[in-house]
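These notes concern the structure reproduced below.
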There are 2 protein chains.
Amino acid sequence: MSDLLERLRERGWRLTAQRRVVAEVLNGDHVHYTADEVHARASDRLPEISRATVYNTLGELVSLGEVLEVSTDGRAKRYDPNAHHDHQHLVCSRCGTIRDVHVQGDPLTALPEPERYGFQVSEVTVTYRGICPTCSATT
Amino acid sequence: MSDLLERLRERGWRLTAQRRVVAEVLNGDHVHYTADEVHARASDRLPEISRATVYNTLGELVSLGEVLEVSTDGRAKRYDPNAHHDHQHLVCSRCGTIRDVHVQGDPLTALPEPERYGFQVSEVTVTYRGICPTCSATT
DNA sequence: ATCCTACATTGGACATTGTCTAAGTCAAGA
DNA sequence: TCTTGACTTAGACAATGTCCAATGTAGGAT
């Protein structure tokens with residue numbers, strides 16, 4: 001994670017206590033927090049951090065390409081620090097849990113030229129939905 | 001479109017002026033309105049229709065499988081009446097325009113068993129992003 | 001080590017999108 | 001035509017996100 005902070009500093013990012021804490025909260029492999037969850041966890045370490053700062057910092061991390069924004073349910077966006085590894089998402093339709101998954105092949109190639117309607121297509125997101133083991137156990 | 005109203009009546013749907021207007025607004029091939037846009041257009045024909053009714057009706061159409069809910073940007077959900085034809089979406093990153101598109105093969109099969117983590121996967125949505133012809137012309 | 005200053009943070013108002021409720025209205029069967 | 005349970009309404013409320021003016025501070029300059 002200090003890698004991340006190093007990289008950001010090299011890009012001229014001013015390193016404040018608030019930003020450090022937000023970056024630390026996002027540390028991990030299968031982390032998909034909402035902005036409010038990030039704020040709650042950041043507040044544990046830095047009680048006076050404001051919501052606006054959390055939103056600002058998350059927005060910057062997204063712009064810098066360090067974190068991905070995921071909106072699987074039309075409610076709060078979630079933030080995925082696993083931005084440097086190409087992956088897709090598997091979402092439980094019941095409890096909303098998200099897993100990072102890897103697909104075979106490149107989904108971009110599945111869209112034939114005549115179906116591109118003149119768009120310069122540059123990105124694709126694939127979201128699988130189903131019932132997770134925990135939820136299907138407690139039916 | 002009267003097909004739709006027929007089908008709904010057969011399922012015990014009570015046919016009111018409000019529901020008829022909402023269904024009419026959603027008529028068309030590449031329609032992807034937000035709830036508020038549906039409400040605005042419905043108000044043209046039936047000025048006293050309330051937001052709550054539009055939300056209720058859209059929710060019911062989704063439950064009945066007649067309309068798909070699409071959330072491409074984490075902001076307002078959009079409603080896609082093209083629910084009976086399997087398709088995916090192509091979104092302009094600049095202006096937000098949405099097109100229905102058809103992909104080659106079944107994206108479900110691209111997720112190998114070990115990547116399913118015990119989920120009963122039943123659904124997949126694929127969203128392509130890029131710049132539409134209009135936006136790339138007006139650079 | 002201290003000072004400057006541009007950039008970051010704060011708190012709270014505001015905006016957007018969606019949900020809920022109690023009271024009134026109406027479609028459709030008897 | 002009457003009745004009744006389902007539908008609609010207005011507006012309050014909730015969740016999420018954005019914006020702004022005032023204040024604070026990281027990090028380069030001295």
Side-chain angles (χ1 to χ4, degrees), chain A residues 2 5-25 32-43 45-64 66-80 96, chain B residues 2 5-25 32-43 45-64 67-80 96 98:
Chain A
S2 53
L5 295 180
E6 272 313 313
R7 252 180 294 153
L8 294 173
R9 180 149 36 197
E10 276 162 22
R11 297 210 219 172
W13 222 50
R14 193 147 133 187
L15 188 47
T16 67
Q18 291 83 350
R19 288 175 169 183
R20 198 193 314 267
V21 168
V22 169
E24 282 170 6
V25 167
H32 301 93
Y33 293 145
T34 64
D36 260 10
E37 287 167 351
V38 172
H39 180 236
R41 284 169 172 76
S43 297
R45 291 167 145 272
L46 195 64
E48 69 277 20
I49 192 172
S50 75
R51 285 189 340 119
T53 295
V54 172
Y55 277 102
N56 288 341
T57 304
L58 290 173
E60 281 155 16
L61 289 171
V62 170
S63 300
L64 292 169
E66 297 291 346
V67 164
L68 290 178
E69 220 172 43
V70 181
S71 66
T72 53
D73 60 352
R75 313 217 26 207
K77 288 175 198 159
R78 292 178 173 274
Y79 293 88
D80 180 343
Chain B
S2 51
L5 295 180
E6 272 313 314
R7 253 179 294 152
L8 294 174
R9 180 149 36 196
E10 276 162 21
R11 298 209 217 171
W13 223 48
R14 192 147 136 191
L15 189 47
T16 66
Q18 289 84 349
R19 288 175 169 182
R20 197 192 317 266
V21 168
V22 169
E24 282 169 6
V25 167
H32 300 93
Y33 294 145
T34 64
D36 260 10
E37 287 166 352
V38 172
H39 179 237
R41 285 170 171 76
S43 297
R45 291 166 147 273
L46 194 65
E48 69 277 19
I49 192 173
S50 76
R51 285 186 341 117
T53 296
V54 171
Y55 276 102
N56 287 342
T57 305
L58 289 172
E60 282 155 16
L61 288 171
V62 171
S63 299
L64 293 169
V67 165
L68 288 179
E69 220 171 43
V70 181
S71 66
T72 54
D73 61 352
R75 314 215 27 205
K77 289 177 198 159
R78 292 179 174 274
Y79 294 88
D80 181 343
I98 303 178

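A, B, ... follow the sequence lines: proteins, then strands. Residue 1 opens every chain.
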- Message: Angle between the end axes of the helix from C/dA1-D/dT30 to C/dA30-D/dT1, five pairs per end, to the nearest 10 degrees?
- Response: 30°
- With sequence neighbours excluded, give me every salt bridge (charged side-chain N to carboxylate O under 4.0 Å, His left out) pair touching residues 67-77 of chain A. A/E69-A/K77
- Item | Results of salt bridge (Lys or Arg N to Asp or Glu O under 4.0 Å) for B/R20 - residues two or more places apart only | none
- Note on the structure: Distance col, row B/I98:CD1 vs B/T72:OG1, nearest 0.5 angstrom, shows 4.0 Å
- Return the set of residues passing side-chain hydrogen bond (donor to acceptor under 3.5 Å, both in side chains) with A/R14 (not counting sequence neighbours), or none when no residue passes. none
- Query: How close or far is atom C1' of C/dA8 from atom CG of A/L58, stated in whole angstroms?
  - Reply: 15 Å
- Task: Give the first and the last nucleotide of DNA chain D, reading 5' to 3', that has any atom under 4.0 Å from a heavy atom of chain A.
- Result: D/dA15 to D/dG27
- Item | Residues in ring pair (Phe, Tyr, Trp, His ring centres under 6.0 Å) contact with A/H32, at least two apart in sequence or another chain | A/H89
- Query: Mind checking what makes salt bridge (Lys or Arg N to Asp or Glu O under 4.0 Å) contact with A/R41, not counting sequence neighbours?
  - Reply: none
- Item | Reported OG1-to-NE2 distance for the pair A/T34 and A/H39, which is rounded to 0.5 angstrom | 11.5 Å
- Does B/E6 come within less than 4.0 Å of B/R9, counting only side-chain N to carboxylate O? yes
Can you give the donor-acceptor pairs under 3.5 Å from side chains of residues 46-53 of chain B to other protein atoms, not counting sequence neighbours?
residue, atom, partner, partner atom, Å
B/S50, OG, B/T53, N, 3.3
B/S50, OG, B/T53, OG1, 3.2

- Task: Sugar-phosphate means primed atoms, P, OP1 and OP2; the rest is base. With that split, encode nucleotides 18-30 of chain C 5' to 3' as B, S or - using protein heavy atoms under 4.0 Å.
- Result: BBB-----BBS--
- Residues which pass side-chain hydrogen bond (donor to acceptor under 3.5 Å, both in side chains) with B/Y55, listed by chain and number, not counting sequence neighbours: none
